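Beneath this line is the structure, given in structure tokens, with notes to follow.
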Amino acid sequence: MQGGASAQFSLIPMNLAAPESSVDYVNTGHWSQKAIAEAARYCRVHIAGDAGGDYTRVPAQDELHFSADARYVHYTPNETISGVEFGYIPQTRRPLIADMSSSILSRPIDVEKFGLIYAGAQKNIGPSGLTVVIVRDDLIGDARPETPLVFNYRALADHQSMLNTPPTFAWYMAGLVFKWLKSAGGLAAIGERNRLKARTLYAAIDASELYRNPIAKDARSWMNVTFVLRKPNLDAAFLEGAAAAGLQGLKGHRVLGGMRASLYNAMPLTGVETLIAFMRDFERRYA
Ligand code: PMP
């Protein structure tokens, strides 16, 4: 589909829930809150779990309280900005919907556990705007009458996603990325690579005096490693030095500050090792 993951925030309730129906959402921070705000325009949203505080953890299974009549349960497996990730797939009686924008293809996925998976392509798949939606057949076909036809899941499925002109260049690029993933050993191999990248960087952060990762250990993201400097007055010098060393894009998202190293599939282990070498050197010089 087109429209990015944000379009799905509205299209999911429009396609799957009638105006009077209830839907369950788990709140783990920025992106789940965006999804919640949009869903609330279309149906009754019940918060089934809330990480609370400064959103540095995820709720445990026994902290999730679902409503009996919810059409679906929505959660964000990986919160891209804070770097908080579910270490488990929530068990639900109602269909589970996951915004996998920043975790899809980072490791094998048990697709059968989900009613719907969606993801903006721009992290691990290809150009932005392209959106992957994987939805169980029995959930589609009841879209609200006012749903635009080009955003109607049933109509799209009936037309093999080519109801109108698809974003052809983005599809082509995604195809190349899928071939590359397969040639790299598929998701099992990619998953091992990603686990090692994340583990290596977290270990370096934990071993240092200057850097700190604020996320609960069992909720640390593989894809987005956030860290703060214990001396925030060094932030600017850190970013400047990093850029001079060829390390770009480390500034944390504007809503959170601090630093964020995104380790999507395209980032090799050598990139992580280069970052760690820079971080150690910076700490030696400044701390
Ligand atoms: N959900 C998550 C988890 C994201 O990381 C992002 C984008 N960074 C979005 C939704 C929004 O995606 P898009 O820009 O494709 O609408």
Side-chain angles (χ1 to χ4, degrees), residues 1-15 23 25-42 45 49-51 55-59 72-87 89-90 96-107 109 114 116-135 148 150-151 153 156 161 166-167 169-171 173-174 177 194 198 215 219-226 248-267:
M1 292 183 74
Q2 307 191 44
S6 301
Q8 298 302 320
F9 294 162
S10 340
L11 299 177
I12 288 165
M14 288 185 97
N15 274 278
V23 291
Y25 278 71
V26 181
N27 178 10
T28 46
H30 184 89
W31 289 111
S32 42
Q33 286 161 15
K34 293 271 184 204
I36 289 165
E38 199 57 26
R41 302 174 61 214
Y42 298 96
V45 171
D50 193 317
Y55 293 96
T56 51
R57 59 185 287 273
V58 301
Y72 60 77
V73 178
H74 177 284
Y75 83 120
T76 311
N78 185 62
E79 284 282 359
T80 320
I81 292 177
S82 54
V84 165
E85 179 162 12
F86 276 79
I89 298 174
L96 182 61
I97 296 187
D99 174 1
M100 288 199 190
S101 294
S102 52
S103 51
I104 196 162
L105 303 184
S106 63
R107 75 208 76 175
I109 309 168
F114 298 89
L116 186 151
I117 291 169
Y118 67 105
Q122 61 268 34
K123 275 72 166 160
N124 278 338
I125 297 175
S128 57
L130 179 68
T131 319
V132 172
V133 181
I134 304 167
V135 57
V150 292
F151 291 137
Y153 292 160
L156 275 151
S161 307
F169 181 72
W171 278 33
M173 289 290 291
V177 172
N194 286 329
I215 308 303
R220 285 173 158 187
S221 168
W222 287 17
M223 292 284 102
N224 312 102
V225 179
T226 53
Q248 308 283 343
L250 285 167
K251 192 169 189 204
H253 193 279
R254 61 186 180 280
V255 304
L256 202 68
M259 307 296 157
R260 177 175 55 164
S262 285
L263 310 181
Y264 297 119
N265 286 348
M267 174 61 67

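All values derive from a computational prediction rather than experimental measurement. In listed order, ligands and their atoms are each counted from 1.
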Sub-3.5 Å donor-acceptor pair from the side chain of N194 to the main-chain atoms of S106, do we have one? yes
Out of the candidates L116, N15, I97, only one should pair with V135 under the side chain to side chain contact (heavy atoms under 4.5 Å, CB included) rule; please name it. L116
Does any N/O atom on T76 come nearer than 3.5 Å to any N/O atom on ligand 1? no
Looking at every non-hydrogen atom in both residues, tell me the closest pair between L96 and P90 and how far apart they are. CD2-O, 3.5 Å
Heavy-atom contacts under 4.0 Å between S6 and ligand 1: side chain, backbone, both, or neither? both
Would you check if the side chain of N265 reaches a backbone N or O of L105 as a donor-acceptor pair within less than 3.5 Å? yes
Which is it for K123 and ligand 1 at heavy atoms under 4.0 Å: side chain, backbone, both or neither? side chain
Is the contact between F9 and ligand 1 made by the side chain, the backbone, both, or neither, using heavy atoms and a 4.0 Å cut-off? side chain
Enter the distance from I12:CD1 to Y72:OH here, rounded to the nearest 0.5 Å. 6.0 Å
Element-labelled atoms of ligand 1 that are located less than 4.0 Å from some non-hydrogen atom of G4: 15 (O), 16 (O)
Please check if the distance between the ring centroids of Y25 and Y75 is under 6.0 Å. no
Closest to atom 1 (N) of ligand 1 among protein heavy atoms sits D99 OD2, 2.6 Å
Salt bridge or not between E79 and R57? Use side-chain N to carboxylate O under 4.0 Å. no
Within 4.0 Å of some non-hydrogen atom of Q122, the atoms of ligand 1 are 12 (O), 13 (P), 14 (O), 15 (O)
Kindly compute the distance separating CD (Q122) from OG1 (T131), expressed to the nearest 0.5 Å. 7.5 Å
Heteroatom distance test (N78, ligand 1): nitrogen or oxygen, under 3.5 angstrom: no
Which of the numbered atoms in ligand 1 are below 4.0 angstrom from a heavy atom of T80? 2 (C), 3 (C), 4 (C), 5 (O)
Enumerate the atoms of ligand 1 whose separation from the nearest heavy atom of S101 is less than 4.0 angstrom. 1 (N), 2 (C), 3 (C), 4 (C), 10 (C)
Please determine whether any non-hydrogen atom of E79 lies less than 4.0 Å from an atom of ligand 1. no
State whether the shortest distance between N or O atoms of A5 and N or O atoms of ligand 1 falls below 3.5 angstrom. yes
